[in-house]
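Accompanying notes for the structure given below.
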Number of protein chains: 2
Amino acid sequence: MNKTIPVDEELIDLAEFLRTFGDPTRLRILFLLRRRELGVQAISDELSLQQTTVSHQLKLLRHLRLVRYRKEGRGVFYRLNDDHIEQILEIGMQHIQEQV
Amino acid sequence: MNKTIPVDEELIDLAEFLRTFGDPTRLRILFLLRRRELGVQAISDELSLQQTTVSHQLKLLRHLRLVRYRKEGRGVFYRLNDDHIEQILEIGMQHIQEQV
DNA sequence: ATAATATATGAATATATGTTCATACATTTA
DNA sequence: TAAATGTATGAACATATATTCATATATTAT
């Protein structure tokens, strides 16, 4: 394993990426999308969040590539971007469920 | 795999845990500790950070169990808590290094 | 006991972040 | 084209967070 410290730009990108997992609302959206692809409306309804709140958070999730999306008709459908996302959620859950 | 959404308390704990990876200073500390156990002074010197800055961040890292520590003499020596920490750093690095 | 060394903590401040309101943009239907 | 539907965006506000300064606590050495 490579034990060097990443350069500043990488550290900033990495922090930005991992920070995106650091909000309960975004986590709810991610856990929901872990099940299946969903549109904005469906996410809002399922989680009882305002559409604008969901859209703002999805914008972040898109930019940091935690989710992908496709447009169909007047809807936009989101899903998790790749396996990394589920892996981090999984490891995180393991960690917090450990006896302290 | 279990596809349910964690309950609120878990979501808050998980967010708090993962958010802790979301700052470049803390990431620097974690990558440094990935190599070997280190005292506060050594961390400050190595990363050119003030001792108080490092102590404040280590307090966070302790509380969220990203690091463990042991006291020896007048020093306090920190190391990564468990494999989860390295795993998340590793997956995160993979993610940001992917071609966009 | 006093001084020296190592680490931790509280308050203050500047910056970042999440949610809401208002509104814009895009696509489909009438 | 106008209305309806679905989604996105900008500004504002309240709260959270990172760093610094001042100082406290703990351990060792004199």
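The figures that follow rest on heavy atoms only: side chains count, while hydrogens, waters and symmetry mates do not. Naming convention: chains lettered A, B, ... in sequence-line order (proteins, then strands); numbering from 1 in each chain. Keep in mind the model is a prediction, meaning the values are calculated, not measured.
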Round to a whole Å and report the spacing from [atom1] of [X] to [atom2] of [N].
X	N	atom1	atom2	result
A:Lys59	C:dT17	NZ	P	14 Å
B:His63	C:dA8	NE2	C1'	11 Å
A:Asp23	D:dT15	CG	P	16 Å
A:Glu16	C:dT15	CD	C1'	15 Å
A:Arg62	D:dA8	CZ	C1'	7 Å
B:Leu60	D:dT17	CG	C1'	9 Å
A:Phe21	C:dT17	CZ	C1'	18 Å
A:Leu58	D:dA8	CG	C1'	10 Å

Do you know which two heavy atoms are closest between [X] and [Y], and how far apart they sit?
X	Y	result
B:Leu27	A:Leu18	CD2-CD1, 4.4 Å
A:Gly39	A:Phe77	N-CD2, 3.5 Å
B:Ile85	B:Arg65	CD1-O, 4.2 Å
B:Arg62	B:Val67	N-CG2, 3.7 Å
B:Arg28	A:Leu11	CG-CD1, 3.4 Å

Is there side-chain contact between B:Arg34 and B:Glu90, with heavy atoms separated by less than 4.5 Å?
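Yes, at least one pair of side-chain atoms sits under 4.5 Å.
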So which of residues 35-57 of chain A are in contact with DNA chain C, with a heavy-atom cut-off of under 4.0 Å?
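Listed by number, they are A:Gln50, A:Thr52, A:Thr53, A:His56, A:Gln57.
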Can you pull out the residues from residues 66-77 of chain B that lie within a 4.0 Å heavy-atom distance of DNA chain C?
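Contacts with DNA chain C under 4.0 Å: B:Arg74, B:Gly75, B:Val76.
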Quick one: is A:Arg19 getting a side-chain N or O under 4.0 Å of the C:dT17 phosphate, OP1 or OP2?
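It does, given that an N or O in the side chain of A:Arg19 lies less than 4.0 Å from OP1 or OP2 of C:dT17.
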D:dA8, OP1 or OP2 - any side-chain N/O from A:Tyr78 closer than 4.0 Å?
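Yes, A:Tyr78 has a side-chain N/O under 4.0 Å of OP1/OP2 on D:dA8.
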Backbone N/O of B:Thr20 and side chain of B:Arg26: donor-acceptor pair under 3.5 Å
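Answer holds: yes.
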Which class fits the ring pair A:His95 and B:Phe17: parallel under 30°, tilted 30 to 60°, perpendicular over 60°?
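Judged by the thresholds at 30° and 60°, the geometry between A:His95 and B:Phe17 is parallel.
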Mark yes when over 12 heavy atoms from residues, nucleotides or ligands other than B:Tyr69 sit less than 6.0 Å from its OH; otherwise mark no.
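For B:Tyr69, atom OH is not crowded (no more than 12 foreign heavy atoms under 6.0 Å).
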